[in-house]
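Note that the coordinates shown come from a computational prediction; the quantities given were computed from them, not determined experimentally.
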Amino acid sequence: MGWALECYAASPCVVAEGPRWCAAERTLYWVDLTGGRYLRQRDGAPPTAFEAVDPGLGKIGALAPLGHGRLRLFTARCEVWDTDFGGTPILRWKLPNHVRRRFNDVWVEGANVFCGVAHEPSQGLKGELWLLRDGAFTCLESATDGNPNGMGVSPDGKTFYFVVSDERRIYAYDYDRATGRLANRRVLADDFAASGVPDGMTVDPRDGSLWVALWDGARLEHRAADGRLLERVTFPMKKVTSVEVAGGRLFVTTANREPDAAAYSAATGAGSVFELKPLNH
């Protein structure tokens, strides 16, 4: 299948990440992780009509829409904040003994919130995966050899997927939705080409396939539920960071870390958000 890349939000972020669609608002939300901002674009608005807010919380690893313009932010110091869009954030929870760490990617599945904690190789600290449920944190993985990134759950609710970027792997687990517990970890995919590492990921609710963004790989990979590569979609920028599938539409975030960032962004649109559209539609 051929694909066309259309700019959805011309918002050159340092590292645009974690796109999340709010169907009730017909709005896409995402973060500029390194820039410490959260952003939104209302569907049908011009690409330049995006809104951006810097809440002064440092790096923001991920967000979750709560409805009616409210957001949950997962930030530096492993803190969780609630805010109205543009409002004053309120601290809800913080992960104990993690003041020098930060949240990276996060996945919300009902009452279960899966929170990745970025690895800190300069401090000899491994990446981690935590479950936040009913206001309490439980450690699920304490020693990933790299950044915990994309996550998702199969349409039948029985399998949890988890990307560890520097390991160049996607793991699968048996998933108990009632408790949030994971079991029987196995490698789903570790056959990524030499260029790039797997970053953000989502599960396509239509068929259970996986869409995987490749940081420094200039591509998005579409994989079957068993991990087999189905197709590669190339991008004009190297840093493809994450993807969201909503209502049959694909939204893709990118990053703009280059020696001459301004020129690179102007030439490629790096750091903006794109919608991927099939050419046969």
More than 12 heavy atoms of other groups within 6.0 Å of Arg100 CZ: no

Side-chain H-bond candidate by donor/acceptor type, Glu231 with Trp3, under 3.5 Å: yes

Carboxylate-amine/guanidinium contact Arg169 Asp145, below 4.0 Å: no

Modelled atom types, side-chain donor and acceptor of Glu128 and Trp130, under 3.5 Å: yes

Leu140 side chain reached by Phe114 side chain, heavy atoms, under 4.5 Å: yes

Intermediate values then yes/no, side-chain contact (heavy atoms from CB on, under 4.5 Å), Val240 and Val252: CA-CA 8 Å; Val240 184; Val252 184; 3.6 Å; yes

Nearest non-hydrogen partners of Ala255 and Thr241, listed with the distance: CB-CG2, 3.7 Å

Check: Pro236 and Leu5 side chains under 4.5 Å, non-hydrogen atoms: yes

Side chain proximity check, Trp21 to Asp43, heavy atoms < 4.5 angstrom: yes

Mutual orientation of the aromatic rings belonging to Phe162 and Tyr173 [parallel < 30°, tilted 30-60°, perpendicular > 60°]: tilted

Test side-chain contact (heavy atoms from CB on, under 4.5 Å) applied to Asn149 and Met201, step by step: CA-CA 8 Å; Asn149 262 306; Met201 182 204 73; over 6 Å; no

Test log, rule side-chain contact (heavy atoms from CB on, under 4.5 Å), inputs Asp84 and Arg70: CA-CA 4 Å; Asp84 292 313; Arg70 289 188 58 77; 2.9 Å; yes

Side-chain donor or acceptor of Tyr38 paired with backbone N/O of Gly86 under 3.5 Å: yes

Residues Asp156 and Arg177 bridged, charged N to O under 4.0 Å: no

The single option from Tyr8, Phe274, Trp211 passing ring-ring contact (aromatic ring centres under 6.0 Å, His included) against Phe251: Tyr8

Salt-bridge contact Arg186-Asp226 (side-chain N to carboxylate O under 4.0 Å): no

Donor-acceptor side-chain pairing of Ser209 and His222 below 3.5 angstrom: yes

Basic-acidic side-chain contact under 4.0 Å: Glu141, Arg185: yes

Phe192 six-ring centre to Arg168 NZ/CZ under 6.0 Å and within 45° of normal: no

